[in-house]
Amino acid sequence: MWDLNFKLKKYYHKFKLNRSVTKSLIIQQGYYGIRVLKSGFIYLSEVKSINLLFRKTLKKFGKIWFNIHPNLIITKKPIESRMGKGKGGVVEYVAVVHLGLILIEVEGPNTFKVLNLMKRIMRKLHLPTKLIKFRL
């Protein structure tokens, strides 16, 4: 029988981080993008801080596209708790990213502002990234 409370389960399939991505190799929507140079996790807090930084700098004159969705749950048991008694509580939501994925695509009116913003965004991420530009 199908479980109606499937959203509440914290279990997930194992995944492999040592892969390169086959889709999303070229920029689809914007003019500038950020490509990941190493596989790993992107945390929800990083995505929120990038979104806040974008809204502060370009306001309503620019557009941003995220190609990642933090939908994987990381759990952790409390410190000094005994063995057993189920799985730990939710600590963080993460998105699994593979080598070569374009995380963010940005479009804006002023090229200088957009490039400055992209450099600031790259500093916020903990994975090594590279700035790429749309070519016809």
Side-chain angles (χ1 to χ4, degrees):
M1 185 172 162
W2 182 252
D3 188 10
L4 296 176
N5 295 325
F6 70 96
K7 285 185 178 178
L8 303 176
K9 289 186 179 177
K10 298 182 215 167
Y11 301 99
Y12 54 86
H13 293 286
K14 294 290 182 182
F15 48 85
K16 294 182 180 177
L17 284 177
N18 299 332
R19 291 185 183 174
S20 60
V21 71
T22 54
K23 61 180 184 174
S24 183
L25 288 174
I26 58 172
I27 295 178
Q28 302 289 328
Q29 289 107 353
Y31 292 121
Y32 298 98
I34 293 178
R35 176 172 282 151
V36 179
L37 300 178
K38 187 179 174 185
S39 299
F41 293 136
I42 298 291
Y43 295 98
L44 180 65
S45 57
E46 291 177 349
V47 174
K48 284 183 178 180
S49 66
I50 288 169
N51 201 4
L52 182 69
L53 180 66
F54 177 79
R55 282 188 287 139
K56 278 185 176 181
T57 53
L58 289 184
K59 301 196 165 85
K60 57 186 176 184
F61 298 111
K63 196 158 186 180
I64 190 167
W65 292 272
F66 287 98
N67 293 333
I68 52 171
H69 305 287
N71 53 9
L72 184 68
I73 298 170
I74 300 294
T75 60
K76 190 174 181 182
K77 296 270 278 196
I79 298 173
E80 296 182 5
S81 64
R82 294 191 177 187
M83 297 276 288
K85 297 184 177 57
K87 196 168 183 178
V90 174
V91 176
E92 188 75 50
Y93 287 89
V94 297
V96 180
V97 295
H98 297 291
L99 171 76
L101 179 78
I102 296 176
L103 292 178
I104 301 161
E105 298 178 27
V106 176
E107 178 185 313
N110 190 348
T111 308
F112 181 73
K113 271 190 177 180
V114 171
L115 288 175
N116 191 14
L117 170 71
M118 295 297 266
K119 287 178 184 174
R120 288 173 65 190
I121 287 174
M122 287 167 61
R123 277 189 245 128
K124 291 227 178 246
L125 296 169
H126 73 279
L127 291 176
T129 55
K130 178 182 171 183
L131 180 66
I132 58 172
K133 193 173 165 182
F134 177 74
R135 285 185 225 141
L136 292 173

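As a basis for the values below, the full set of heavy atoms in this structure was taken, side chains included, without hydrogen atoms, waters or symmetry mates.
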Working to the nearest 0.5 angstrom, can you tell me the gap between [X] [atom1] and [Y] [atom2]?
X      : Y     : atom1 : atom2 : value
Leu103 : Ile68 : CG    : CD1   : 5.0 Å
Glu92  : Leu72 : CD    : CG    : 11.0 Å
Leu99  : Lys38 : CG    : NZ    : 11.0 Å
Ile121 : Ile34 : CD1   : CD1   : 5.0 Å

Heavy atoms, side chains only, cut-off 4.5 Å: are [X] and [Y] in contact?
X      : Y      : result
Ile104 : Val106 : yes
Val114 : Tyr31  : no
Ile73  : Tyr93  : yes
Asn67  : Glu105 : yes
Gln28  : Trp65  : no
Val97  : Ser39  : no
Val94  : Leu44  : no

Co-membership, hydrophobic cluster, residues [X] and [Y], 4.5 Å side-chain:
X      : Y      : result
Ile102 : Phe134 : yes
Leu127 : Tyr32  : yes
Leu117 : Phe61  : no

Legend entry - Sub-6.0 Å ring centroid separation between His126 and Phe41: no
Legend entry - Donor-acceptor pair, side chain of Thr129 and main chain of Arg35, under 3.5 angstrom: no
Legend entry - Donor-acceptor pair, side chain of Lys77 and main chain of Gly86, under 3.5 angstrom: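 Yes, the answer is positive, given that a donor and an acceptor are paired below the 3.5 Å cut-off.
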Inset, instruction - State, to 0.1 Å, how close Lys133 and Ile27 come at their nearest heavy-atom pair, and which atoms those are. - result: C-CD1, 3.9 Å
Would you list the atom pairs, donor with acceptor, under 3.5 Å between side chains in residues 49-59 and any protein atom, with sequence neighbours excluded?
unit_1: Ser49; atom_1: OG; unit_2: Ser45; atom_2: O; d: 3.4
unit_1: Ser49; atom_1: OG; unit_2: Glu46; atom_2: O; d: 2.8
unit_1: Thr57; atom_1: OG1; unit_2: Leu53; atom_2: O; d: 3.0
unit_1: Thr57; atom_1: OG1; unit_2: Phe54; atom_2: O; d: 3.3

